[in-house]
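Since the structure comes first, as structure tokens, the remarks are kept for the end.
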Amino acid sequence: QVELVESGGGLVQPGGSLSLSCEVSGSIFRVVSMGWYRQVPGKERELVATLNRGGAINYADSVKGRFTISRDNAWNTVYLEMKSLKPEDTALYYCNVRAYFAVSRWDEFWGQGTQVTVSS
């Protein structure tokens, strides 16, 4: 089974910084993309940042210039560095991986979510 383990969430004051990480393990043949999403109760889950094999990196407009997504060379870990945090960044952050797990078979995998709270 595939497992995504997240860490780094917590409470931070506005303007502060926080770093998230997500380690991927299990029977994955090849990772296609990795990213971070977030969700607030009562709202749709939204994209924060993603990166893929083609080299494309996408950020939500609301986090551009403040957040940075990165990964290790083996595609085992994805990171999210968050700076200049705002109260509106408060959400449950999910790690996401799209990968092939068998011949011609792929799926999307999610972490359990880690809470980020930005408050004075």
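Since this is a predicted model, take the numbers as computed values, not measurements.
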Check residues 5-32 and write down every donor-acceptor pair under 3.5 Å in which the side-chain atom is one partner and the other belongs to a residue at least two apart or another chain.
{"residue": "E6", "atom": "OE1", "partner": "G113", "partner atom": "N", "Å": "2.7"}
{"residue": "E6", "atom": "OE1", "partner": "T114", "partner atom": "N", "Å": "3.3"}
{"residue": "E6", "atom": "OE2", "partner": "C95", "partner atom": "N", "Å": "2.3"}
{"residue": "S7", "atom": "OG", "partner": "S21", "partner atom": "OG", "Å": "2.8"}

By salt bridge (charged side-chain N to carboxylate O under 4.0 Å, His left out), R45 pairs with (sequence neighbours left out) none

Residues passing the side chain to side chain donor-acceptor pair (under 3.5 Å) test with S70, sequence neighbours excluded, are none

Contacts satisfying disulfide (SG to SG under 2.5 Å) that involve residues 28-90 (not counting sequence neighbours) are none

Sorted by chain and residue number, the side chain to side chain donor-acceptor pair (under 3.5 Å) partners of E3 (sequence neighbours excluded) come out as none

K64 meets the salt bridge (charged side-chain N to carboxylate O under 4.0 Å, His left out) criterion, sequence neighbours left out, with D61

*asked:* Just so I know, are the side chains of I69 and V78 near enough to count as touching, which here means a heavy-atom distance under 4.5 Å?
replied: yes

Is there a continuous path of hydrophobic side-chain contacts, each under 4.5 Å between heavy atoms, that joins Y37 to V116?
no

Taken in chain and number order and not counting sequence neighbours, the residues that satisfy salt bridge (charged side-chain N to carboxylate O under 4.0 Å, His left out) with R71 are none

field: Over 12 non-hydrogen atoms of neighbours within 6.0 angstrom of CD in E88
entry: yes

_Could you tell me if the side chain of D89 sits less than 4.5 Å from the side chain of F67, heavy atoms only?_
yes

Here the gap from F109 atom CZ to M34 atom CE, rounded to the nearest 0.5 Å, amounts to 12.0 Å

From the list V63, V48, T50, side-chain contact (heavy atoms from CB on, under 4.5 Å) with W36 holds only for V48

Tracing side-chain contacts under 4.5 Å among Ile, Leu, Val, Met, Phe, Trp and Tyr outward from V103 reaches none

Those residues at least two apart in sequence (or on a different chain) that pass side chain to side chain contact (heavy atoms under 4.5 Å, CB included) with Q115 are T90, L92, T117

Here the side-chain hydrogen bond (donor to acceptor under 3.5 Å, both in side chains) pairs for residues 72-83, sequence neighbours left out, are none

* Starting from the C-alpha separation in whole Å, work towards a yes-or-no answer on side chain to side chain contact (heavy atoms under 4.5 Å, CB included) for E46 and R38. => CA-CA 6 Å; E46 67 174 357; R38 65 187 183 187; 2.7 Å; yes

Heavy atoms of L4 and Q112 approach each other most closely as O-OE1, 3.4 Å

Examine V118 and Y94 and state if one hydrophobic cluster contains both, with Ile, Leu, Val, Met, Phe, Trp and Tyr joined whenever side-chain heavy atoms are less than 4.5 Å apart. no

Residue pairs meeting side-chain hydrogen bond (donor to acceptor under 3.5 Å, both in side chains), one or both in residues 102-111, sequence neighbours left out, come to N96-E108, R98-E108

